[in-house]
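Take a look at the structure below.
In what follows, chains are A, B, ... by sequence order, proteins preceding strands, each numbered from 1.
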There are 2 protein chains.
Amino acid sequence: MSLNTRRRGAELEVAILDAAWAVLIESGYTGFTFEAIAARAGTSRPVLYRRWPQRDDLLVATLRRHWAAKPIPVPDTGSLRDDAIGFLRNVDQGRTGLMTLISAQLVEYFRATGTNFRELRDSMRPPGQPTGFATIVQRAVARGELADVVRSPRVIDLPFDLFRNEMLMTMRPVTADWITETIDVVWLPLLHTT
Amino acid sequence: MSLNTRRRGAELEVAILDAAWAVLIESGYTGFTFEAIAARAGTSRPVLYRRWPQRDDLLVATLRRHWAAKPIPVPDTGSLRDDAIGFLRNVDQGRTGLMTLISAQLVEYFRATGTNFRELRDSMRPPGQPTGFATIVQRAVARGELADVVRSPRVIDLPFDLFRNEMLMTMRPVTADWITETIDVVWLPLLHTT
DNA sequence: ACCGTTAGATACATGTCCGTATCTTAAGGC
DNA sequence: GCCTTAAGATACGGACATGTATCTAACGGT
């Protein structure tokens, strides 16, 4: 029989990645050390080194696990405005830690590796898949709520870009007022200029 | 007579702060160590400790010295579009290093101190002074190029928010195309929806 | 039940930074 | 020229992280 006190293989791996994520959230990239992660995971450094020789390998694996983990639900309420507000709210709830982290904590990593946030995001997002706001706009067009014209991705994803900026500036979740203002004062007026 | 090989007082202090700035730019907050800064300044750690007991004291002093430096010129060409594009270009040239740094490298510092980027910026910007884009819009209204209606600061400063986001995402200066697209596809259409 | 694999503990040498203490010597005021 | 001040060099113990090596014991497959 097995005492099941010792994890192996995939089970151990996800435990480590979860611990690494927790450390990253709490202590940032600076605190993201093999030492701290191994302690947090209840294992020892050699176990980590066997899987990820470089610290950055472990970092990417950690991000990859939590990026694909929870897709942000895109609401489908039948109203463009409600969809947009609901989606931003979901983004806020689901990605606060991630966004704060990625947008900001990791700049040291980007410097060191010569990449940037956009490249990392693009490499993890399956190509050809529409963004949340693209989906929302498509549906609104299908309902006849919006004119069927070509729109720049810059316009479509505007709320997301503004969200990221706001998060960076405040280091906090955004407020409900900020969300409605973004949709009502900025995005919807812009979408209707056709 | 004096050999002047040994700096003292204010002269030494600014030399240290300049060295600290250089280190911060090159190596980020992680590399912002007393050791590295002292070496860069050609002095020794005890000299730094006598002035700034904590690392953050030195950081704030370093930022303060380089923050107030240069106001960004706001062009006045007689065209809303040209003003906006020119201003964004000036922002890009003048603040790339600073923005990248402040917006991003310093998140560890913000975490530690419980402040955020917006508070730091507001504390250093004189209150009541209109932003660059507010000035640009005011002039356009005065010329009759824009309707004289109340506009949300969110709308007015939109290009700046997008600029900050773009800078963060790419860690590079923005492209000329990005600037014109931001103004022509996003900002100007939004301003004209009245 | 055996055996190959591998988790996990421990140890080691190395390197970097910390914070402080000590000592010298150059600078500047009088 | 003397004397106070402070720069700058050096040393120290400690903390923490690195990367590797070695050993044991638990696990999983057959």
Side-chain angles (χ1 to χ4, degrees), chain A residues 1-62 65 105-106 108-109 111-113, chain B residues 1-62 65 105-106 108-109 111-113:
Chain A
M1 62 166 290
S2 146
L3 296 176
N4 263 345
T5 72
R6 185 174 285 190
R7 302 155 296 184
R8 290 178 88 87
E11 180 197 0
L12 175 61
E13 191 150 323
V14 298
I16 292 173
L17 291 180
D18 288 345
W21 175 253
V23 169
L24 188 55
I25 289 287
E26 283 177 17
S27 314
Y29 186 57
T30 300
F32 190 78
T33 65
F34 280 30
E35 188 123 345
I37 295 163
R40 178 81 172 223
T43 183
S44 60
R45 282 181 294 126
V47 176
L48 307 196
Y49 279 104
R50 282 169 199 143
R51 290 158 203 270
W52 306 280
Q54 311 283 346
R55 177 208 222 184
D56 289 344
D57 298 333
L58 176 53
L59 178 68
V60 170
T62 302
R65 168 157 166 80
Q105 288 293 103
L106 292 185
E108 301 259 351
Y109 164 73
R111 287 189 154 226
T113 59
Chain B
M1 67 167 287
S2 146
L3 297 175
N4 264 344
T5 71
R6 185 175 281 190
R7 301 156 297 184
R8 289 179 90 85
E11 179 197 359
L12 176 61
E13 192 151 323
V14 299
I16 293 173
L17 291 180
D18 288 345
W21 176 255
V23 169
L24 187 56
I25 289 288
E26 284 178 17
S27 315
Y29 188 57
T30 300
F32 192 77
T33 66
F34 279 27
E35 189 121 347
I37 295 163
R40 178 82 173 221
T43 183
S44 61
R45 280 181 296 127
V47 175
L48 307 196
Y49 278 105
R50 282 168 198 146
R51 290 157 203 273
W52 305 280
Q54 312 283 345
R55 177 207 223 187
D56 288 345
D57 299 332
L58 177 53
L59 179 69
V60 169
T62 302
R65 171 162 163 78
Q105 288 293 103
L106 292 185
E108 299 256 352
Y109 165 74
R111 287 187 155 228
T113 59

Any side-chain N or O of A:Thr43 below 4.0 angstrom from OP1/OP2 of C:dG8? yes
Give the rounded distance in Å between these two atoms: CD1 of B:Ile16 and P of D:dA6. 14 Å
Rounded to whole angstroms, how far apart are CD1 on B:Ile37 and P on C:dC17? 11 Å
Given atom OH of A:Tyr29 and atom P of D:dA17, what is their separation to the nearest angstrom? 14 Å
Minimum side-chain heavy-atom gap A:Thr62-A:Ile37 below 4.5 Å: no
Of the listed C:dC17, D:dG8, C:dG8, the closest approach to the A:Val47 side chain comes from C:dG8
Would you indicate what B:Arg45 reaches in the nucleic acid, counting non-hydrogen atoms under 4.0 angstrom: base, sugar-phosphate, or nothing? base
Minimum-distance nucleotide to B:Thr33 side chain [options: C:dC17, D:dG19, D:dG8]: C:dC17
Does A:Arg51 have a side-chain nitrogen or oxygen under 4.0 Å from the phosphate oxygens OP1 or OP2 of C:dA7? yes
Here the distance between atom C1' of C:dG28 and atom CD of B:Glu11, to the nearest Å, is 13 Å
Of the nucleotides C:dA7, D:dT18, D:dG8, which one has an atom closest to the side chain of A:Phe34? D:dT18
Roughly how many Å is it from CG in B:Leu12 to C1' in D:dG8, rounded to a whole number? 10 Å
Contact class for A:Pro46 vs. all strands (heavy atom < 4.0 Å): base, sugar-phosphate, or nothing? base
A:Leu59 side chain near A:Tyr29 side chain, heavy-atom distance below 4.5 Å: yes
Is any side-chain heavy atom of B:Phe32 closer than 4.5 Å to a side-chain heavy atom of B:Leu58? yes
Please determine whether any donor N or O and acceptor N or O are separated by less than 3.5 Å between the side chain of A:Arg50 and the base of C:dG8. yes
With a 3.5 Å distance limit and no angle check, can you tell me whether B:Arg45 reaches the backbone of B:Ala38 through a side-chain donor-acceptor pair? no
Check step by step if salt bridge (Lys or Arg N to Asp or Glu O under 4.0 Å) holds for A:Asp18 and A:Arg65. CA-CA 8 Å; A:Asp18 288 345; A:Arg65 168 157 166 80; 2.8 Å; yes
For B:Leu48 and D:dA6, give me the distance from atom CG to atom C1', rounded to whole Å. 14 Å
Starting from P on C:dC18, measure out to CZ on B:Phe32 and report it in whole angstrom. 10 Å
Between CG of A:Leu58 and C1' of D:dG19 the distance, given in whole Å, is 15 Å
